[in-house]
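FYI, side chains are in, hydrogens and waters are out, and symmetry mates aren't considered; it's all heavy atoms of this structure. Sequence positions, counted from 1, serve as the residue numbers for this chain.
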Amino acid sequence: MLLLKAPTQAQTVQPTTGNYSYTESFAPFFYSKNGNEYRAASGEPGPRYWQNRADYTIEASLNDQLNLITGTEIITYTNNSPQKLPYLWMQLDQNLFRKDSRGSAITPYVGSRNGGRGQDFDAGYKILSVKLVGEKNTSTDVPYIIEDTRLQIQLPKELSGGGSSIKIRIEFSFISPTYGSDRMGIQETKNGKIFTVAQWYPRMCVYDDVQGWNTIPYTGPGEFYLEYGDFDVKLTAPAQLFVVCSGELLNPAEVYTPELLKRWNQAAQSEKTVIIRAANELNNPTFIKNKPDLTWHFKITNSRDVAWAASAAFIIDAAKMVLPSGKKSLAISAYPIESDGNIAWGRSTEYVKKSIEFNSKKWFEYPYPAATAVAGNPGGMEYPGIVFCGYRAKTAGLWGVHDHEFGHTWFPMIVGSNERLYGWMDEGFNTFINGISTDSFNNGEYAQRAPNMHQLAKFYMAPTVEPILSNGPDNLKERNNGTLLYSKPGSGLDILRNQILGPERFDYAFKTYIRNWAFKHPTPDDFFRTMENAAGESLQWFWRGWFAFNWKHDVSVREVKYRDNADFTKGCLITLDNLEKLVMPVVLEVKLKSGATDRIKLPVDIWMRNTSWTFPYASTEEIESVTYDPDKVLPDMNESNNTWPAKK
């Protein structure tokens with residue numbers, strides 16, 4: 001191929017000021033490793049992808065006077081890896097609330113959302129026994145070590161790979177904290193306590209092909225990384241307490257009176273909310289089974305966790321949800337009389353139903369037989385098939401917290417990313433889909449104005465803000481969690497969808513990612529690769545600038561130069577400068593003296609091998625102004641140079 005001298009008439013001299021380096025922004029080798037047989041270069045699971053499995057049978061009881069939960073679990077752990085496992089690791093999340101825990105040690109003295117807020121009580125697990133369950137249900141003690149929020153079981157014989165399984169029986173108890181790191185706790189109401197119960201049973205750590213055993217301790221900021229499996233759960237509580245839980249209630253006739261059971265069955269067939277236990281029935285003994293205790297039996301399959309709530313104060317209502325395949329599910333709400341009313345939790349079930357039906361149609365079908373919203377003291381926390389939301393929430397706030405917490409069904413309940421390391425892969429992705437579902441709900445009842453990205457950029461790119469990829473929430477300043485786990489990654493997906501790829505290409509790629517990694521464990525690379533491959537676009541410049549680094553974005557409209565100052569109809573040359581490391585496509589608005597406007601779009605490729613770009617514009621009259629990003633949809637943090645001529 002003959003190399004000819006390149007033409008120069010379309011380009012001006014490159015500026016010498018600014019921090020932009022195209023060799024850095026468009027550098028190769030963003031990915032540190034090649035695809036392999038476990039995780040393909042296309043971002044999908046490879047032909048030999050594997051993950052382990054944990055199935056749970058749990059029986060537990062609640063003493064509501066002592067706030068004591070006592071339980072026994074049998075875990076069937078299946079090792080699908082190619083390795084033999086001489087030991088197993090489990091998570092003991094309740095130990096966070098011990099005074100001598102790592103989490104307590106690193107909680108700032110000025111206070112934090114994380115931890116137990118200084119509650120002085122007998123916190124943490126009491127592990128009564130750990131046994132291996134053999135044939136004919138025989139059991140043998142097995143040695144174990146507890147280290148903070150982790151428990152290691154030292155197996156007498158290695159657990160072989162390729163599908164071998166083992167059964168473990170653990171007896172445990174703990175006292176519930178009143179405030180449990182804003183994820184569980186006890187809310188006092190006029191009609192009794194509301195127990196929101198989570199991180200309540202010893203859970204298997206994930207063993208995967210990326211880290212091996214994932215044993216980062218639970219200190220509060222980072223959430224969870226869990227194996228999938230089936231859960232069979234029996235919960236015993238005083239008869240006046242009504243219990244809701246992840247999954248399907250298998251024995252409603254045993255726990256509801258005939259009248260409540262009739263309403264329960266009506267709700268399962270109704271598109272409108274049906275009151276099952278009304279506010280004026282809370283203290284009426286005829287609506288409570290005449291027994292000292294009741295055992296509530298629930299089951300949820302292919303789930304990563306299970307949580308529950310119990311209270312004598314619950315108003316309960318429900319309605320049918322219709323999913324795209326034709327399957328039915330049940331939207332349920334449980335809340336105290338303090339939360340009742342049509343501007344508050346009286347619309348809760350409507351919100352649950354509409355949020356889940358929308359996201360099921362848009363992204364991937366909701367997989368669980370029920371979806372329960374519980375009013376309690378957590379501000380908002382998600383679990384498979386059940387969420388805990390602030391009991392004082394109302395109107396747009398209640399819609400928002402319901403839509404967000406049930407949005408977590410898709411991230412991380414369906415797409416099972418590692419929240420302990422990559423909280424942005426669930427919080428940020430969920431924040432993104434929340435914007436779309438909120439715009440759709442009830443003809444835009446709670447729709448919000450598009451954000452001003454120029455203003456947000458000043459927060460996102462402040463020097464005190466870490467990169468999104470910073471080794472997990474535990475390594476972020478707590479004040480930056482909202483920005484780096486929620487807002488910035490959510491805005492990044494919005495920019496990618498609406499300004500870079502377009503909704504059609506983005507939605508196809510995003511749904512491909514969800515479909516490929518449903519009920520599996522993706523990493524950031526798997527997401528990045530999937531989006532590039534399914535959308536057909538190299539986006540390494542975007543991942544690098546927005547996620548891996550906290551780069552700034554600043555484009556200047558330097559000048560407009562007419563080809564003939566005496567005749568504006570002969571066109572002009574417009575020159576732009578890229579002054580910072582984060583690159584973006586270009587959107588310009590040209591305003592003419594007549595008042596007419598024109599829009600110009602240029603691809604991000606203009607910034608490859610260039611720090612400035614000059615291009616011809618076929619003007620037909622004198623230009624009044626040229627403005628970069630007039631709609632403020634790109635994260636330009638310096639508006640002072642966005643318009644030519646510069647404002648005086």
Side-chain angles (χ1 to χ4, degrees), residues 6-18 20 22 435 439 444 447-458 491 494-506 552-580 582-648:
T8 60
Q9 67 270 19
Q11 235 3 96
T12 60
V13 177
Q14 301 287 318
T16 57
T17 59
Y20 177 56
Y22 51 81
D439 286 345
Q448 298 178 344
R449 291 183 298 175
N452 182 332
M453 284 302 301
H454 294 184
Q455 292 181 355
L456 286 177
K458 296 174 183 178
S491 293
D494 188 69
I495 291 170
L496 191 59
R497 182 179 193 253
N498 295 308
Q499 310 307 324
I500 298 172
L501 294 177
E504 185 175 11
R505 278 204 296 164
F506 177 94
K552 299 176 182 178
H553 179 60
D554 181 16
V555 169
S556 168
V557 183
R558 192 204 306 178
E559 67 176 1
V560 175
K561 187 175 182 179
Y562 295 104
R563 294 182 183 273
D564 185 343
N565 287 331
D567 187 353
F568 302 132
T569 65
K570 291 184 178 180
C572 65
L573 297 175
I574 300 175
T575 298
L576 309 175
D577 293 329
N578 197 56
L579 302 175
E580 291 287 352
L582 179 63
V583 292
M584 287 283 160
V586 168
V587 180
L588 295 173
E589 182 176 83
V590 179
K591 185 176 181 180
L592 305 175
K593 284 290 187 181
S594 65
T597 59
D598 190 16
R599 286 290 176 102
I600 301 168
K601 292 186 177 182
L602 300 172
V604 73
D605 309 64
I606 66 171
W607 301 124
M608 299 182 75
R609 68 181 178 271
N610 297 302
T611 57
S612 70
W613 183 252
T614 298
F615 65 96
Y617 176 71
S619 58
T620 57
E621 58 177 285
E622 186 176 1
I623 295 174
E624 182 175 297
S625 64
V626 177
T627 301
Y628 173 71
D629 190 24
D631 299 325
K632 302 180 180 181
V633 294
L634 297 173
D636 189 293
M637 62 181 301
N638 179 17
E639 287 187 342
S640 67
N641 57 14
N642 283 13
T643 300
W644 176 93
K647 295 179 180 179
K648 298 180 181 180

Practice item. Step by step, work out the side-chain contact (heavy atoms from CB on, under 4.5 Å) result for L456 and N452. Key: CA-CA 6 Å; L456 286 177; N452 182 332; over 6 Å; no

Residues forming a side chain to side chain contact (heavy atoms under 4.5 Å, CB included) with [X], sequence neighbours excluded:
X    : value
D439 : A447
E622 : Y562, F568, K593
P585 : I500, W541, V604
V587 : R599, K601, P630

Q: Assess whether side-chain contact (heavy atoms from CB on, under 4.5 Å) is satisfied between L576 and V586, documenting all intermediate values.
A: CA-CA 9 Å; L576 309 175; V586 168; 3.8 Å; yes

Looking at [X] and [Y], would you say the former's side chain and the latter's main chain have a donor-acceptor pair under 3.5 Å?
X    : Y    : answer
N610 : M608 : yes
N641 : T643 : no
Y628 : D636 : no
N642 : D629 : no
D564 : K570 : no
E621 : S594 : yes

- Query: After noting the C-alpha distance and the side-chain angles of V560 and I574, does the key distance pass the side-chain contact (heavy atoms from CB on, under 4.5 Å) rule?
  - Reply: CA-CA 5 Å; V560 175; I574 300 175; 4.2 Å; yes

To check you understand the geometry: which heavy-atom pair defines the closest contact between [X] and [Y], and what is its length?
X    : Y    : value
L634 : H454 : O-CD2, 3.1 Å
A457 : P635 : CB-O, 3.4 Å
K552 : E580 : O-CB, 3.1 Å
W607 : Y20  : O-OH, 2.5 Å

From [X] atom [atom1] to [Y] atom [atom2], the distance as rounded to the nearest 0.5 Å:
X    : Y    : atom1 : atom2 : answer
M637 : L579 : CE    : CG    : 12.0 Å
C572 : R563 : SG    : CZ    : 8.0 Å
D554 : N638 : CG    : CG    : 4.5 Å

| task | Check step by step if side-chain contact (heavy atoms from CB on, under 4.5 Å) holds for I495 and M453. | result | CA-CA 10 Å; I495 291 170; M453 284 302 301; 3.9 Å; yes

**Study point:** K458: partners by salt bridge (charged side-chain N to carboxylate O under 4.0 Å, His left out), with sequence neighbours left out
**Key:**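 Salt bridge (charged side-chain N to carboxylate O under 4.0 Å, His left out) list for K458, sorted by chain: empty.
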
K632 meets the salt bridge (charged side-chain N to carboxylate O under 4.0 Å, His left out) criterion, sequence neighbours left out, with E639

The side-chain contact (heavy atoms from CB on, under 4.5 Å) partner of V557 among V626, T627, D577 is V626

Per side-chain contact (heavy atoms from CB on, under 4.5 Å), F615 is matched among L588, T575, I606 by L588

- Task: Using a 4.5 Å cut-off on heavy atoms from C-beta on, say whether the side chain of I623 contacts that of Y617.
- Result: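 Yes - at least one pair of side-chain heavy atoms lies under 4.5 Å apart.
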
